[in-house]
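The chains referred to below are lettered A, B, ... by the order of the sequence lines, with proteins before strands, and numbering in each begins at 1. Everything numeric in this text was worked out from a predicted model, so none of it was measured.
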Amino acid sequence: RLSHQWSNNDIRHKVAQMVADEVAAANVDLDIKIFGSQSLFKAREQYKPLSRGQLDMTVLPLSYAGGQQPAYNLTLMPGLVKNHDHAARLSASPFMAALEEKMAQDDVMVLVHGYLAGGFAGKDKCITRPEDVQGLQTRAAGKAFEQMLAGAGASIASMASSEIYNAMQTGVLQAVNTSSSSFVSYRIYEQTKCYTPAGDVALWFMYQPLLMNKSTFEGLTEAQQQALRDGAAKAQAYYLEEAKKEDAESVKVFADAGVEIAQMTPEDFAAWRELAKETSYKAFLEEVADGQALLDLALAVE
Amino acid sequence: MDPLLLGAIVAIATIIVLFSGVSVAIGLLIVSAGFLLVFDGARSLELIPEILFGKLDNFALLSIPMFIIMGASIASTRAGADLYEALERWLTRVPGGLVISNLGACALFAAMSGSSPATCAAIGKMGIPEMRKRGYPDGVAAGSIAAGGTLGILIPPSVTMIVYGIATETSIGRLFLAGVVPGLMLVMLFMAWSIYSTWRSGDTSVLSAGSYSWAQKFEILPRVLPFLLIILGVLYAMYGGIATPSETAAVGALLCMMIAMIIYRLWNPRDLWVVLRDSTRESVMILFIIAAAGVFSYMLSSLFITQAIAEWIGTLDVNRWVLMGAVNVFLLIAGFFLPPVAVILMTAPILLPIITTAGFDPIWFAVVLTINMEIGLISPPVGLNLYVINGIAPDISLKTILTGSLPYVACMVLGIVLLCLFPGIATWLPDLVMGPSL
Amino acid sequence: MSGHSSAAAAQTGSNPFLRAVAAISTVAGWCSAAMIVAAVLITCQMIVIRYVLNGSTVWQTEAVIYLMIAATLLGLSYVQRLRGHVNVDLIPLSLPARVRFVLATITSVLTIAIVAVILWYGYEYWHFAWERGWRSDTVWGVKLWIPYLAIPVGFGLLLLQLVADFIALVLGIEKPFGLE
Ligand code: NA
Ligand code: NA
């Protein structure tokens with residue numbers, strides 16, 4: 001049983017479907033049933049049953065489980081990932097190996113690695129530098145981003161992603177930071193003057209792997225395990241390609257809707273990263289005992 | 001086992017358990033636990049507390065107790081009577097003036113309360129004795145209030161719309177707006193029927209019951225002001241960029257409590273406690289059903305029943321209006337037995353994909369669904385409004401209330417037909433205010 | 001018609017155990033109502049902070065959610081005492097007194113059983129969160145055992161009230177389904 005929160009045309013569903021199809025085609029007497037759109041568990045309620053073996057697989061933004069393993073907060077940390085190829089190198093690095101060790105403590109393992117990117121949308125103006133969010137009511141995706149944006153002088157408002165559209169329309173919100181796919185699926189472009197997408201450099205990368213319960217995996221036959229690994233390898237390559245396309249797709253949708261498109265320069269990126277070091281990195285290091293070691297591992301990836 | 005067959009067994013088991021007299025929430029938990037135990041193994045029971053907690057872990061649910069408090073705090077003051085009296089003074093010359101002003105008061109009150117029983121109680125406490133005193137038949141007096149009270153969940157704010165919005169991830173602000181015009185339409189239909197039936201009965205003493213001077217008519221107006229202030233304040237907060245719909249509920253609750261305490265001098269801690277107690281009781285009852293229905297829908301999904309039914313309906317090659325008719329009959333029957341929130345939460349995951357695939361607008365469907373639920377509120381065996389009327393006027397028999405509200409049920413069915421013919425009745429206002437829907 | 005007129009409440013007679021349980025449930029009901037009021041005030045405070053002062057609102061949403069969950073779970077026993085959990089009493093109404101008593105016994109035992117199961121696993125879940133030091137994944141980072149505590153406490157109180165109701169039924173203090 002595989003659970004996730006997305007609809008059938010989301011790439012994360014397609015990744016899960018691909019693994020399920022490959023495993024089915026391998027004919028190893030293993031059938032993966034996919035429960036999408038939170039039909040089994042709510043988005044943030046998936047990690048606990050996964051870790052206790054009540055759920056077999058899930059596609060999950062790992063930072064959702066940051067409350068159980070604070071180290072996971074590094075998988076949604078501003079400025080840690082520069083672009084999709086860098087993200088792929090991170091996934092294969094000692095940094096990820098260290099995180100996988102943490103997952104093993106919860107009886108969880110990774111089948112498919114993958115990062116998705118996102119950007120900023122402003123109701124009245126472009127957001128590229130920290131100064132731009134000063135005094136704006138902002139909704140951020142993720143704890144570390146909230147800390148960084150608060151550090152930039154933004155006012156943080158927390159609400160469900162389904163409320164964003166109305167909140168921007170009525171003016172409760174003036175800026176939003178979320179994933180490229182959410183920007184499109186919630187039609188945020190209708191309420192936006194300027195969009196800052198993930199481009200050559202991007203601030204917002206979220207690690208969203210396909211996870212599996214480790215004991216369940218180890219209880220499978222050798223042939224079944226191999227089929228899963230083969231399917232996962234194929235899906236991972238697809239995931240990376242599609243993740244890149246998704247950013248471009250969101251830019252097209254916003255541009256078609258007549259929204260101004262702004263680009264973040266490497267200097268802007270550096271300014272955000274400096275700010276993040278003072279805010280979210282600092283808070284992370286205070287919270288996680290071996291945080292510095294993990295952060296160094298991540299920063300060491302070229 | 002074939003999931004469809006399993007689904008049929010679950011349906012039968014659910015009916016048996018719920019009819020045993022056990023409370024609805026507990027009944028849903030018993031059925032869910034039983035099937036999970038047999039088909040998913042004992043370990044799945046471990047998940048129940050987690051799912052219960054998870055279903056309640058939603059900010060939008062906050063608005064349910066808030067919109068109930070709004071109604072309850074005002075209902076416990078003279079405000080309901082003032083509102084009702086004002087309308088009555090102005091409407092005496094209209095045939096059936098008294099029943100008309102009662103329906104109007106229900107509609108206005110519905111704009112302040114998210115709950116139907118609360119609306120029913122607020123207006124009924126004053127309206128039913130007054131109508132009987134003036135010679136209206138018991139059936140008309142009780143039936144009009146029972147039916148008028150159901151508007152509480154159609155005219156915004158509405159607890160069922162909130163639950164629907166959460167279950168289907170539709171915008172609550174948009175859903176609220178969609179209920180406005182259909183709500184007014186139903187009031188008109190109710191009034192039209194009342195005028196017709198009073199006129200037909202030919203009882204002239206009822207027609208010209210009281211007469212008021214202009215001075216009396218104007219003197220009462222300031223007393224209606226607090227209502228208008230609350231309604232405008234809530235609307236402004238919701239659509240004026242101050243707060244999201246769920247947050248607005250808290251503003252409304254605070255405003256109503258303050259108005260009740262300051263203007264209507266509801267100071268006595270005992271009286272205040274009654275307001276809080278009744279609101280807490282209704283809210284906890286609803287929220288527990290929401291949590292239990294969450295476990296129930298987990299069970300349906302986990303045993304692949306939800307998915308199998310949706311697939312099965314997808315393969316049926318039927319006309320979309322036949323499908324809509326069948327859905328309506330199904331909802332009507334479900335509404336007879338279950339409170340609105342339970343129906344919405346148990347059926348939305350199955351119905352919504354069907355509805356959208358058949359090309360119906362989920363916002364429009366919410367209105368149709370809500371009117372079906374309104375009918376359920378005034379039909380036995382679980383008709384919350386019937387119980388309220390029964391509490392207000394214990395000497396009117398259930399049968400009299402039922403026959404009295406039957407014509408209003410016919411009005412609601414007519415309302416559903418009109419909505420099917422002219423979907424714009426529901427979608428026009430939200431599209432106008434918030435732009436075309438997603 | 002059980003559970004809908006505001007006068008209805010569990011009968012205790014002069015039985016000291018039943019009266020004690022009724023008192024406990026009532027206190028739980030006060031706590032529940034107080035939490036709802038607190039949620040109203042915090043939400044209004046949040047709107048003022050954001051709209052008037054244009055400040056950050058970090059903890060309010062989460063606090064309100066946990067208050068509402070706790071209000072619901074702690075309120076269960078009180079609402080049970082007030083017979084406020086809606087039911088379908090069509091069949092019980094139409095049964096002869098004897099059969100009705102048997103049916104009431106069966107439904108009470110089943111209800112007690114399911115609530116006991118939830119209490120057991122609820123305690124386990126709470127304990128798990130406490131042992132592992134789980135926190136919410138927000139800036140506020142609440143220790144989750146605090147809000148989770150409402151599960152075992154709420155269902156524990158509900159179980160107590162249900163057992164009291166069952167005793168009242170067996171002793172004849174309360175009529176089956178509250179029907180005359
Ligand atoms: Na209403
Ligand atoms: Na009914």
Sort [X] into side chain, backbone, both or neither according to what part of it lies under 4.5 angstrom from a heavy atom of chain C.
X	result
B:Ile289	side chain
B:Ile286	neither
B:Ile48	side chain
B:Ile69	side chain

Residue part contacting chain B, namely of [X], when any heavy atom lies under 4.5 Å:
X	answer
C:Leu110	both
C:Leu119	neither
C:Tyr121	both
C:Ile47	side chain
C:Val64	side chain
C:Trp120	neither
C:Pro152	neither
C:Val115	side chain
C:Ile118	both

Max heavy-atom pairs within cutoff under 4.5 Å with chain C, candidates B:Ile242, B:Thr248, B:Val274, B:Leu18, goes to B:Ile242
Could you check which of B:Ala250, B:Ala243, B:Ala237, B:Pro65 has the highest count of heavy-atom pairs closer than 4.5 Å to chain C?
B:Ala250
Mind telling me whether [Y] and [X] have parallel, tilted or perpendicular rings, with 30° and 60° as the class edges?
X	Y	answer
C:His127	C:Trp130	tilted
C:Trp134	C:Phe128	perpendicular
C:Tyr148	B:Phe53	perpendicular

Taking the side chain as every heavy atom from C-beta outward, state whether [X] and [Y] have any atom pair closer than 4.5 Å.
X	Y	value
C:Ile24	C:Leu160	yes
C:Thr26	C:Arg81	yes
B:Ser20	C:Leu103	yes

Which of the residues [options] is involved in the greatest number of heavy-atom pairs with chain B at under 4.5 angstrom?
options	result
C:Ala113, C:Gly122, C:Ala104, C:Cys44	C:Cys44
C:Pro147, C:Ala34, C:Gly29	C:Pro147
C:Arg50, C:Glu124, C:Met46	C:Arg50

State whether a side-chain donor-acceptor pair under 3.5 Å links B:Glu282 with B:Ser115.
yes
Side chains of B:Ser397 and B:Thr400: do they bring a donor and an acceptor to under 3.5 Å?
yes
Audit row: B:Glu50, B:Lys55, salt bridge (charged side-chain N to carboxylate O under 4.0 Å, His left out) steps and yes/no
CA-CA 9 Å; B:Glu50 205 169 327; B:Lys55 285 295 157 179; over 6 Å; no
Checking C:His85 side chain against B:Val22 main chain: does a donor-acceptor pair fall under 3.5 Å?
no
Main-chain N/O of B:Val24 paired with C:Asn87 side-chain donor or acceptor, under 3.5 Å:
no
